[in-house]
Amino acid sequence: FGNLRNPKPEDAALSDAFMDYWVQFAKTGNPNQAGRVTWPAYTLSEDQHLVMDSKIEPLRGFVKTLATYSIACWMNDGKPALREDVNAIS
């Protein structure tokens, strides 16, 4: 992180967000800080997670997403699944 050469603005923004969350977590044990999307604490009943992509947002369904991804990998002979593979079976 922070070591990108000629990054696109969205890549630099995502890198900065990752660094902010990790530094805040290292300092306080909590990744959340003013000016950033709140990273929800995970509970099985709420099943929330933070998606860090071009849009950073909390979503529900981590367990389902993980299970779907695992099935897509299994169907792909154990190779990492592509997003379209996961979307095809979810």
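Source: prediction; values computed, not measured.
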Donor-acceptor side-chain pairing of N32 and Y21 below 3.5 angstrom: no
Criterion side-chain contact (heavy atoms from CB on, under 4.5 Å) on Q33 and W39, from CA distance to verdict: CA-CA 9 Å; Q33 61 184 301; W39 190 318; over 6 Å; no
Shortest non-hydrogen contact from Q48 toward P40: OE1-CB, 3.5 Å
Common cluster, W22/L50, ILVMFWY with side-chain heavy-atom separation under 4.5 Å: yes
Exam field: side chain S15 to backbone D11, donor-acceptor pair closer than 3.5 Å: no
Gap separating the OG1 atom of T38 from the CZ atom of R36, nearest 0.5 angstrom: 12.0 Å
N/O donor-acceptor pair under 3.5 Å between H49 side chain and L59 backbone: yes
Q24 to N30 - nearest heavy-atom pair and separation: CG-O, 3.1 Å
Point-to-point distance, once rounded to the nearest 0.5 Å, from CG of L14 to NZ of K55: 14.5 Å
Where I56 and V37 come nearest, the two heavy atoms and their spacing: O-CG2, 3.4 Å
